[in-house]
Amino acid sequence: EVQLQASGGGLVQAGGSLRLSCTGSGFAFDDYTVGWFRQAPGKDREGVACINRSGNIVYYSESVKGRATISRDNAKNTVFLQMNSLSAEDTAEYYCAADYSGCSVVSSTDPNYYVMDYWGKGTQVTVSS
């Protein structure tokens, strides 16, 4: 059974940091690009970060660039998203997803384009101001 599990969300004060984890099982995790998306209430889903299978190509949306770092440990089938200098605008449900292609899907600004092979359930990040 294919599974993607996002974890690490929680309540954090503005200016704080969180590290989200995405762990996969049931498929060849190290063959897949992994992206992080987020969706705030009443807003469209947004692709915020992506890392290719080998970890040498990464993408960040303008909304998190300079504050986020994505990395992966293929030996542990896990991708991490370190988020710093959090603000209320970062409050959202965060999802990870895996796709056999590259980061072009995640970098799209059109939510209708967010077709990934596998999706995990989200983890809630709430930033208090």
Side-chain angles (χ1 to χ4, degrees):
E1 178 186 5
V2 170
Q3 288 191 335
L4 274 176
Q5 181 64 55
S7 61
L11 176 63
V12 62
Q13 289 190 334
S17 299
L18 280 176
R19 188 174 81 155
L20 306 182
S21 299
C22 173
T23 301
S25 61
F27 65 105
F29 185 85
D30 53 0
D31 281 345
Y32 282 73
T33 289
V34 175
W36 283 96
F37 300 79
R38 67 184 183 184
Q39 188 163 18
K43 293 189 177 181
D44 287 334
R45 188 166 291 190
E46 174 191 15
V48 294
C50 179
I51 188 166
N52 72 334
R53 62 187 68 179
S54 61
N56 65 333
I57 297 175
V58 297
Y59 159 81
Y60 301 101
S61 67
E62 288 299 318
S63 59
V64 304
K65 191 176 291 183
R67 301 186 297 117
T69 302
I70 190 169
S71 60
R72 68 189 297 159
D73 183 344
N74 284 338
K76 297 181 179 179
N77 284 5
T78 300
V79 166
F80 304 98
L81 181 66
Q82 176 72 38
M83 295 277 293
N84 302 321
S85 302
L86 290 164
S87 70
E89 286 67 38
D90 295 311
T91 294
E93 188 85 4
Y94 284 72
Y95 302 86
C96 63
D99 197 79
Y100 199 71
S101 65
C103 286
S104 61
V105 172
V106 182
S107 63
S108 172
T109 57
D110 183 353
N112 293 316
Y113 198 60
Y114 295 154
V115 179
M116 304 284 280
D117 291 330
Y118 306 121
W119 285 88
K121 294 181 180 179
T123 184
Q124 177 68 37
V125 172
T126 303
V127 183
S128 63
S129 56

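Throughout, residue positions are numbered sequentially from 1 according to the sequence presented.
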Point to revise | Donor-acceptor side-chain pairing of Thr23 and Thr78 below 3.5 angstrom | key: yes
Practice item. Spell out, yes or no, whether Ile51 and Trp36 are grouped together once hydrophobic residues are joined by side-chain heavy atoms under 4.5 Å, including indirect joins. Key: yes
Check your understanding: Can you tell me how far the CD atom of Gln82 sits from the OG atom of Ser21, to the nearest 0.5 Å?
Key -> 9.5 Å
Check your understanding: Among the clusters formed by ILVMFWY side chains lying less than 4.5 Å apart, do Val115 and Tyr118 turn up in the same one?
Key -> no
Check your understanding: Ignoring hydrogens and geometry, is there a side-chain-to-backbone donor-acceptor pair from Thr91 to Val127 under 3.5 Å?
Key -> yes
Revision key, fill the gap. Closest non-hydrogen atoms of Ser63 and Arg38, given as atom of the first, atom of the second and distance, are OG-NH2, 3.3 Å
Exercise for review: For the pair Asn52 (side chain) and Ile57 (backbone), establish whether a donor and an acceptor sit closer than 3.5 Å, ignoring hydrogens and angles.
Suggested key: yes
Review point. For the residue pair Phe27 and Tyr32, does the interplanar ring angle fall in the parallel (under 30°), tilted (30 to 60°) or perpendicular (over 60°) class?
Key: perpendicular
Check your understanding: Side chains of Asn84 and Ser17: donor-acceptor distance under 3.5 Å anywhere?
Key -> yes
Practice item. Output yes when a side-chain donor or acceptor of Arg67 lies under 3.5 Å from a complementary backbone atom of Ser85, and no otherwise. Key: yes
Point to revise | Check against side chain to side chain contact (heavy atoms under 4.5 Å, CB included), Leu4 and Trp119 | key: CA-CA 6 Å; Leu4 274 176; Trp119 285 88; 5.8 Å; no
Practice item. Answer with yes or no whether the side chains of Asp99 and Ser101 bring together a donor and an acceptor at under 3.5 Å. Key: yes
Review point. Are Ser108 and Asp110 close enough, and set up right, to give a side chain to side chain donor-acceptor pair (under 3.5 Å), and what steps lead you there?
Key: CA-CA 5 Å; Ser108 172; Asp110 183 353; 5.5 Å; no
Practice item. Say whether, by atom type as modelled, one donor and one acceptor occur between the side chain of Tyr94 and the main chain of Gly9 under 3.5 angstrom. Key: no
Review point. Any sub-3.5 Å donor-acceptor pair from Arg53's side-chain atoms to Tyr100's backbone N or O?
Key: yes
**Study point:** Cys96 side, atom SG; Gln5 side, atom CD - distance, nearest 0.5 Å
**Key:** 8.0 Å
Review point. OG/Ser129 to CG/Leu86 distance, rounded to the nearest 0.5 angstrom?
Key: 12.5 Å
Exercise for review: Please say whether the positively charged group of Arg45, taken as NZ for Lys or CZ for Arg, lies over the ring of Tyr114, i.e. under 6.0 angstrom from the six-membered ring centre and within 45 degrees of the axis.
Suggested key: no
Point to revise | Identified side-chain contact (heavy atoms from CB on, under 4.5 Å) partner of Leu81 from the options Thr69, Val64, Leu20 | key: Leu20
Exercise for review: List the steps, then state whether side chain to side chain contact (heavy atoms under 4.5 Å, CB included) holds for Ile70 with Val79.
Suggested key: CA-CA 7 Å; Ile70 190 169; Val79 166; 3.8 Å; yes
Check your understanding: Do you know which two heavy atoms are closest between Gly122 and Glu93, and how far apart they sit?
Key -> C-OE2, 3.2 Å
Point to revise | Residue pair Gly47 / Ser61: nearest heavy atoms and the distance that separates them | key: O-CB, 3.5 Å
Exercise for review: Taking all non-hydrogen atoms of both residues into account, name the closest pair between Tyr95 and Gln39 and its distance.
Suggested key: CE1-CB, 4.4 Å
Review point. Are any side-chain N or O atoms of Tyr59 and backbone N or O atoms of Ser104, one a donor and one an acceptor, separated by less than 3.5 Å?
Key: no
Point to revise | Within one Ile-Leu-Val-Met-Phe-Trp-Tyr cluster: Met83 and Val58, side-chain cutoff 4.5 Å | key: yes
Check your understanding: What's the shortest heavy-atom distance between Thr123 and Gly8, and which atoms?
Key -> OG1-N, 4.0 Å
Practice item. Write down the atom of Ala49, the atom of Tyr60, and the distance for their closest heavy-atom approach. Key: CB-CD2, 4.0 Å
Review point. Are Phe37 and Leu18 connected in a single hydrophobic cluster, I mean Ile/Leu/Val/Met/Phe/Trp/Tyr linked by side-chain heavy atoms less than 4.5 Å apart?
Key: no
